[in-house]
Protein chains: 2
Amino acid sequence: MILENGATHFGLGMQVKTEAGRQRTGKLWSNLAEVCDLLRIPAYSSTAYDPDLVFQHVQFKAGQRIHTIGQPFDMLYIVNSGFLKTVLIDELGNEQVLSFPMKGDMFGMDGIHARKYGSEAVALSSCDIIMVPFKVFTALGRKQPELEVALYGVMSRELIREQTMVSMLGSLSAEARVARFLVSLSERFADMGYSGKEFNLRMTRQEIGSYLGLTLETVSRTLSAFNEIGLISVEQRAIGLKDINALRTLRRLPPSRARAKQDAAKAKKAESADLEIAAV
Amino acid sequence: MILENGATHFGLGMQVKTEAGRQRTGKLWSNLAEVCDLLRIPAYSSTAYDPDLVFQHVQFKAGQRIHTIGQPFDMLYIVNSGFLKTVLIDELGNEQVLSFPMKGDMFGMDGIHARKYGSEAVALSSCDIIMVPFKVFTALGRKQPELEVALYGVMSRELIREQTMVSMLGSLSAEARVARFLVSLSERFADMGYSGKEFNLRMTRQEIGSYLGLTLETVSRTLSAFNEIGLISVEQRAIGLKDINALRTLRRLPPSRARAKQDAAKAKKAESADLEIAAV
DNA sequence: CGGCGTGTTGACTACCCTCAACTCGAGTGG
DNA sequence: CCACTCGAGTTGAGGGTAGTCAACACGCCG
């Protein structure tokens, strides 16, 4: 065990107090091989590793905060199961959703630079989170070079994910954003061994909207439109993908019922115009 | 020198061939202390370091590419002087500007994960770039733990920067985005020892627009509006900030000349409405 | 039961995009 | 020297996308 305060991390069922002030019961430990597997680090040489090096799990219930903005940084977190969101709070108290971590994702990395977390992580469901003290994290990389590269790779993957988000927010229509969001969720569920075609959203329309730079109404309307066209089925949070390829390449909603509405509106405007002309 | 192919990195004025296919002349080398200073790594213990460990500089002229998307990853880059942009190219060939690296910034980190660069870096002016082979980078961290933390910190800083961008793109008005962009440029120029009040933009309206998720026309109009209100002065690429605090906190443009136009439009609409009613 | 959070849908509006014309300056070549 | 092109930038007119405001339905829980 590399932890300085290793003693406090042993013992089944002990109480763990987090900075968020809640008490939870720790239940499981993972070894290095399990953690690497979880992080999708492929070439992990199964050479002898320290059997005493174990990583603590902590359970969170929906609504609980894993860390908050400004809290001193010392841990990185890896999702073993469950769903979360990470959010930024702006000067007016508005939430901006940054990501929806799920199984295999690491979060908390934005705290490294300033030694304070730059965002807040909240459980959207019951979660099992592996906590990795940053010092252990770096010590690992020092001992096993190929692991170090993999750890940089995890951060790099996160950078790419955010670049993709920036690109989406900067250039895609609301429909395309929602479509890609569904596809991306589908792929992540499929990776986790669940169905990529039928799944339940774990987040509200509000949270999806914040994540995609849209209002909750626009998200709701877009899902309804996809439903009418037959691209998906929606019923509250239950989603069924009917045509993933169409969603994958969608840029603008094809003319449809919505089009009819617009035409009607145009007709009305034309009518008004006629009336104006008539009046003059 | 830690490089395997170290020999090719010695000799003043030798020719260096980059993957982009251009030939340039290397001129300078930096030691570790200089590089750390450039990266704003504060607590660099000046304990004995390898005097043979030097980092190669390469010069680029405006328009030249430092790396392209998909190119095999092996180097990280640090800007010693000059201005660049990094861009993503989408499936239709459209550019999405991701960042404007300048003195002290590192780029290329998005290549670590897939061992291929995920974006393209282009010089906007003459540039002096320090090239750090990724292997040297990781080897450094292994030898000097406090340096390793700093290196993770550099990546963490980049993560935070992109989170901030996502938040901006998701929630701010066009005016607020442009205002914050100017403030952020101002602060970076001030950090570099230049004037934070008067500076020249190194990028086109198009590039600013892409970066901010706006069209070039909106950027141009917004700058003109700021100019009319007296927040800034603009003449082509020359910018003068007159009221930085107003720019920093701006959320929506205050009523002005533009407001007058809107009122006029409203009046016209009301007039039309009257006509419609009269007609009916 | 009533309150609350979530989600849907409608009507209206405003912000920003699109398309277009024009200016300006740099570079080129007759 | 001037005409020409080309890219960058400015400005205007008009329209569409998505935001705002509002009403309503539904499920959950005290």
Side-chain angles (χ1 to χ4, degrees), chain A residues 62-63 94-95 124 169-178 200-210 212-228 233-239 250-270 272-273, chain B residues 62-63 94 124 169-178 200-210 212-228 234-239 251-253 255 257-266 268-270 272-273:
Chain A
N94 302 318
E95 269 194 19
L124 296 177
L169 293 173
S171 63
L172 294 187
S173 69
E175 292 122 24
R177 293 185 210 179
V178 175
N200 287 306
L201 299 174
R202 314 298 162 128
M203 61 293 281
T204 66
R205 303 289 191 263
Q206 169 93 275
E207 287 158 347
I208 297 172
S210 173
L212 297 176
L214 303 170
T215 60
L216 65 96
E217 293 96 330
T218 299
V219 173
S220 177
R221 266 188 259 270
T222 305
L223 290 175
S224 297
F226 287 172
N227 186 37
E228 277 193 34
S233 63
V234 200
E235 195 161 8
Q236 299 290 99
R237 303 216 178 166
I239 300 283
L250 184 142
R251 309 204 138 265
R252 180 108 34 218
L253 211 54
S256 76
R257 191 140 322 196
R259 177 61 144 180
K261 267 190 250 166
Q262 293 202 353
D263 288 347
K266 262 186 198 164
K268 225 170 85 180
K269 270 208 174 173
S272 307
Chain B
N94 302 317
L124 295 178
L169 292 173
S171 63
L172 294 188
S173 69
E175 291 121 25
R177 293 185 208 178
V178 174
N200 287 304
L201 299 174
R202 313 297 162 131
M203 62 293 281
T204 66
R205 304 289 192 262
Q206 169 94 277
E207 286 159 348
I208 297 172
S210 172
L212 297 176
L214 303 171
T215 59
L216 65 95
E217 292 96 331
T218 299
V219 173
S220 176
R221 267 187 258 270
T222 305
L223 290 175
S224 297
F226 287 171
N227 186 37
E228 277 193 35
V234 199
E235 197 161 35
Q236 299 289 99
R237 303 215 177 166
I239 300 283
R251 311 204 137 266
R252 182 116 26 226
L253 211 53
R257 193 142 321 196
R259 178 60 145 185
K261 266 190 250 165
Q262 293 200 353
D263 287 346
K266 263 185 195 163
K268 224 169 85 177
K269 272 211 172 170
S272 306

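Every chain is numbered from 1 and lettered A, B, ... according to where its sequence line falls, protein lines coming before strand lines. Owing to the predicted nature of the structure, the values given are computational and were not obtained by experimental measurement.
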**Student:** Distance check needed: dG7(C) C1' versus Glu207(A) CD, whole Å only.
**Tutor:**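 Rounded to the whole Å, the gap is 13 Å.
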**Student:** Can you tell me how far C1' of dA8(D) sits from CD1 of Ile208(B), to the nearest Å?
**Tutor:**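 Rounded to whole Å, this separation is 12 Å.
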**Student:** Is there a donor-acceptor contact under 3.5 Å from the side chain of Arg251(A) to the main chain of Ala176(A)?
**Tutor:**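 Answer holds: no.
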**Student:** Verify the contact: side-chain N or O of Ser224(B) to OP1 or OP2 of dT11(D), cut-off strictly under 4.0 Å; return yes or no.
**Tutor:**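 Result: yes.
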**Student:** Tell me whether the side-chain N or O atoms of Arg221(A) pair up with the base of dG10(C) as donor and acceptor below 3.5 Å, since no angle test is needed here.
**Tutor:**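 Answer yes: a donor N or O sits under 3.5 Å from an acceptor.
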**Student:** If I take atom CG in residue Leu223(B) and atom P in nucleotide dT11(D), what distance separates them, rounded to the nearest angstrom?
**Tutor:**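 Whole-Å distance recorded here is 10 Å.
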**Student:** As a quick check of understanding, evaluate side-chain contact (heavy atoms from CB on, under 4.5 Å) for Ile239(A) and Leu201(A), giving each step before the final call.
**Tutor:** CA-CA 7 Å; Ile239(A) 300 283; Leu201(A) 299 174; 3.6 Å; yes
**Student:** Please report the distance, rounded to the nearest Å, between CZ in Arg202(A) and P in dG7(C).
**Tutor:**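 Result: 14 Å.
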**Student:** Indicate yes or no for a side-chain donor-acceptor contact from Arg205(A) to the backbone of Val219(A) under 3.5 Å, with no hydrogens or angles considered.
**Tutor:**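 No; judged by distance alone, with no hydrogens or angles, the pair does not exist.
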**Student:** Are any side-chain N or O atoms of Thr222(B) and backbone N or O atoms of Thr218(B), one a donor and one an acceptor, separated by less than 3.5 Å?
**Tutor:**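 Yes; at least one donor-acceptor contact below 3.5 Å.
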**Student:** Would Leu124(A) and Glu207(A) satisfy side-chain contact (heavy atoms from CB on, under 4.5 Å), going step by step from the backbone distance to the final call?
**Tutor:** CA-CA 11 Å; Leu124(A) 296 177; Glu207(A) 287 158 347; 3.9 Å; yes
**Student:** With a 4.0 Å heavy-atom cut-off, tell me which residues in residues 213-220 of chain B come close to DNA chain C, sorted by residue number.
**Tutor:**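 Within residues 213-220 of chain B, the residues near DNA chain C are Gly213(B), Leu214(B), Thr215(B), Glu217(B), Thr218(B).
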**Student:** So, using side-chain contact (heavy atoms from CB on, under 4.5 Å) as the criterion, who are the partners of Arg221(B) when residues are at least two apart?
**Tutor:**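 Here the qualifying residues are Glu217(B).
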**Student:** Starting from C1' on dT17(D), measure out to CG on Leu172(A) and report it in whole angstrom.
**Tutor:**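 Answer to the nearest Å: 14 Å.
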**Student:** Could a donor-acceptor pair under 3.5 angstrom be found where the side chain of Arg205(A) meets the base of dT9(C)?
**Tutor:**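 Such a pair does not exist between side chain and base.
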**Student:** When you measure from the side-chain N and O atoms of Arg237(B) to the phosphate of dG9(D), is any distance below 4.0 Å, counting only OP1 and OP2?
**Tutor:**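 So the side-chain polar atoms of Arg237(B) do come within 4.0 Å of the phosphate oxygens OP1 or OP2 of dG9(D), strictly under.
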